[in-house]
Amino acid sequence: MKNKELADIFDRWADILEFMGDNPYHVRAYRNAARLIRDLSEDIEILAKEGRLTSLPGIGQRLQAKILEFLRTGKISEFEKLKHQVPDTIFTLLDIPGVGPKTVKVLYEKLGIRSLEDLKRAIERGELLKLPGFGAKKVEKIRKGIELLEKSSGRILLGVAVFIADRIVNQLKELPAVERISVCGSTRRMKETVGDIDILATGKNEEIIKAFVNLPNVKEVLWQGTKKASVIVEEGEQVDLRVIEKDSYGAALQYFTGSKAHNIHLRTLALKSGYKLNEYGLFKGDTLIAGKSEEEIYKSLGMDTPPPEIRENTGEIEAALNHSLPKLVDYTDIKGDLHVHSNWSDGASTIEEIALKAIEMGYEYVAITDHSKSLKVAGGLSEEEFLKRNEEIDKLNEKFKGKIKILKGIEVDILPDGSLDLSDEILSQLDFVVAAIHSRFTQDNTERILKAMENPYVNAIAHPTGRIIGQRDGYPLDLETLFKKAAETSTALEINAYYNRLDLRDSHCRLAQEFGVHFVISTDSHHVDHMWMVKLGVGTARRGWVQKKSVLNAHPLRTLLRFVKEKRMKFGVK
DNA sequence: GCCGTTTTCGGCCCGACTGTTTTCAGTCG
């Protein structure tokens, strides 16, 4: 799949044009194309073959020609010429907060600055102050921006953002001064990584701001005004709070939730209908039409309210206008976790502790899925040990009868040849079997997984692509073949909710659902304190337009067990 | 560079904030 490579080229292309001072709409066309291609769930090569490139919104004749040239030759000649005109170290300068293309251009042309090191040296020597339009404050802002950039590791994992945002919202909502409060931005959209954390509130603004900057976990106050403030929390992440008038709360929530592409589309629609939409409300002339709630705004524009997770301008606005939005799986739908490790293998919690946590979370069932023997580093269990562990589960099921059903599970290793490292005899005695790959992360593993799916006892493939966010790309896979086989063999695909996995990712979910794939949303917890992460998985599923009916563990135990039984019957085993 | 139920040319989302300005440019979300 060449989608990412191509998206990177278009992004860099936009950077170069921006730096060269090209028409901003020209730049935006490349930026949009990059984003579109990066988020595409289908292989761009297949789209090209089928002649569907120009049916993508934002791809016209000229971009199509460039894409085709890239697919044919691996290069785009126009880009090859262009990129040699600008030193590529210069683009790190654009990552400095407060520094944009115009500033970089001046720095480069007047002082020959082409890297972060150059810039730091020039600031020390006081050279920037001599430039027109550069005063002491601006230089100080750049200096602080560099500091911030070097400190931050880039984007925050969603799990970390949700954890911090929930904590702050819970602390603040207890205050009498706070009327309403909500997280917004990409955290609310449950995007797998988040730039900074945005929180929106309404109420007595000065009291709220004061409480916010004085929260116990705040390490540093970056900026504080009467309507907004920015802080760094002890985890090192930036959190912004805005306080808004209550009549505009819905409009502000809509606006600050984004995405940017969704908002641009929405405002264009508003404009065509003779309205103006901004963060204060929907206006006809100077008259406020709607603003108290998001629903009010969308309704006034003749549409249903798209769930925040799908506001990415990938068809949700059209669906909202047609009143055909999908009914997405909800956070409260999950009836049990189907991937949890106990201290029989490499988990830290006992089976009893896991059961108690599952009861606390309101689950109907939970599957204990310890590792199998070949995974020695993770304390994988032998066949005898599994049988002993199962006896303990039987006892606990007696004890917790009527409160929770503990399922005998396993995360069985898929060996390099696609076979499993436990006998069918043992597997047949388990309630739910999850199979996964834990080795050879660079080779194409399609055949290996297809073969595992052919085993009648394998009910789900755990973390199907093997990616770790920000650390390791998934191994190469033919996703469409995989999805087809999963649907055929009644093998579910896991949406692993552990915070650095989220695998399948959102775009894969959307494509898989079209193939009729069933999903399980599970946490891969190794401690009961990880089990809350299920909501990260549900958020990912929702971003992939996944409906409740496609998610096995959004249904009662008997539905789950029927799915297991159906596969065994399909393959003629008991 | 894209796009069209007012347009195949002339638009392209909108406002806040900051810093340098004396009317505005740059950056951000």
Side-chain angles (χ1 to χ4, degrees), chain A residues 10 13-14 16-19 21-36 53-67 76 78-79 93-107 128-129 131-142 144-145 148 184-189 191 194-200 222-230 238 240-244 248 251-283 301 311 313 317:
Chain A
F10 283 144
W13 205 323
I16 295 172
L17 293 177
E18 206 165 20
F19 172 76
D22 207 322
N23 169 359
Y25 297 106
H26 192 179
V27 174
R28 204 171 84 183
Y30 283 93
R31 201 71 81 193
N32 283 343
R35 187 184 156 280
L36 178 85
L53 287 176
T54 53
S55 68
L56 297 170
I59 305 292
Q61 292 302 322
R62 310 178 77 151
L63 279 173
Q64 172 177 245
K66 289 174 173 124
I67 294 170
I76 305 174
E78 194 182 334
F79 177 68
L93 299 177
L94 286 171
D95 294 333
I96 304 169
V99 173
K102 298 283 160 60
T103 306
V104 172
K105 189 161 191 246
V106 173
L107 292 174
L128 264 59
L129 287 168
L131 295 172
F134 283 67
K137 280 188 177 172
K138 179 160 176 165
V139 174
E140 178 56 18
K141 197 177 162 188
I142 295 174
K144 278 207 99 168
L148 216 62
C184 46
S186 38
T187 311
R188 183 165 180 241
R189 299 203 316 280
K191 207 171 163 186
V194 169
D196 51 27
I197 301 167
D198 291 313
I199 293 174
L200 189 73
L222 292 177
W223 196 88
Q224 176 182 2
T226 57
K227 288 182 176 168
K228 66 179 209 180
S230 291
Q238 181 174 338
D240 296 344
L241 172 75
R242 299 160 215 263
V243 187
I244 229 90
S248 299
L253 190 58
Q254 193 288 317
Y255 175 79
F256 289 117
T257 295
S259 66
K260 189 171 180 160
H262 175 89
N263 284 356
I264 289 175
H265 192 168
L266 200 65
R267 285 177 182 212
T268 309
L269 271 184
L271 216 56
K272 277 182 189 155
S273 315
Y275 295 109
K276 188 180 70 170
L277 178 63
N278 59 29
E279 59 263 53
Y280 299 108
L282 183 70
F283 295 88
L301 290 169
R311 295 183 198 164
N313 195 30
I317 289 180

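By convention in this document, chain letters (A, B, ...) are assigned in the order of the sequence lines, proteins followed by strands, and residues within each chain are numbered from 1.
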Students often get this wrong, so: under 4.0 angstrom with heavy atoms, is [X] touching a base, only sugar-phosphate, or nothing?
X      : result
A/A136 : sugar-phosphate
A/P101 : sugar-phosphate
A/I264 : base
A/L269 : nothing
A/V99  : sugar-phosphate
A/L271 : sugar-phosphate
A/K272 : nothing

In whole angstrom, give me the gap between the P atoms of B/dT22 and B/dG26. 15 Å

Which whole number of Å gives the distance between the C1' atom of B/dC13 and that of B/dC28? 14 Å

Nearest-neighbour nucleotide for the [X] side chain, [options] considered:
X      : options                : result
A/N278 : B/dA16, B/dT27, B/dC14 : B/dC14
A/Y30  : B/dT18, B/dT20, B/dG1  : B/dG1
A/K260 : B/dG15, B/dG29, B/dG1  : B/dG29
A/L63  : B/dG29, B/dG1, B/dA16  : B/dG1
A/R62  : B/dC14, B/dG19, B/dG1  : B/dG1
A/R267 : B/dC13, B/dG29, B/dC12 : B/dC13

Full working for side-chain contact (heavy atoms from CB on, under 4.5 Å) between A/F256 and A/D198: CA-CA 8 Å; A/F256 289 117; A/D198 291 313; 5.6 Å; no

Can you see if the side chain of [X] gets near the phosphate of [N] - specifically, an N or O under 4.0 Å from OP1 or OP2?
X      : N      : answer
A/Y25  : B/dC3  : no
A/K66  : B/dG1  : yes
A/N263 : B/dC13 : no
A/T103 : B/dT27 : yes
A/K138 : B/dT27 : no

Specify the separation, in whole Å, of atom [atom1] of [X] and atom [atom2] of [N].
X      : N      : atom1 : atom2 : value
A/L131 : B/dG26 : CG    : P     : 14 Å
A/L282 : B/dG15 : CG    : P     : 12 Å
A/Y275 : B/dC14 : OH    : C1'   : 19 Å

Where each residue is assigned the nucleotide of DNA chain B containing its nearest heavy atom, which of A/E279 and A/A29 is assigned the position nearer the 5′ end? A/A29

Do you know the tightest heavy-atom contact between A/F19 and A/K105? O-CD, 3.0 Å

Is the glycosidic angle of B/dT22 within 90° of 0, making it syn, or outside that range, making it anti? anti

Classify the side chain of A/D240 and the base of B/dG29 as holding, or not holding, a donor-acceptor pair under 3.5 Å. no

Checking base pairs now: Watson-Crick or wobble, both atom distances under 3.5 Å. What partners B/dT8? none

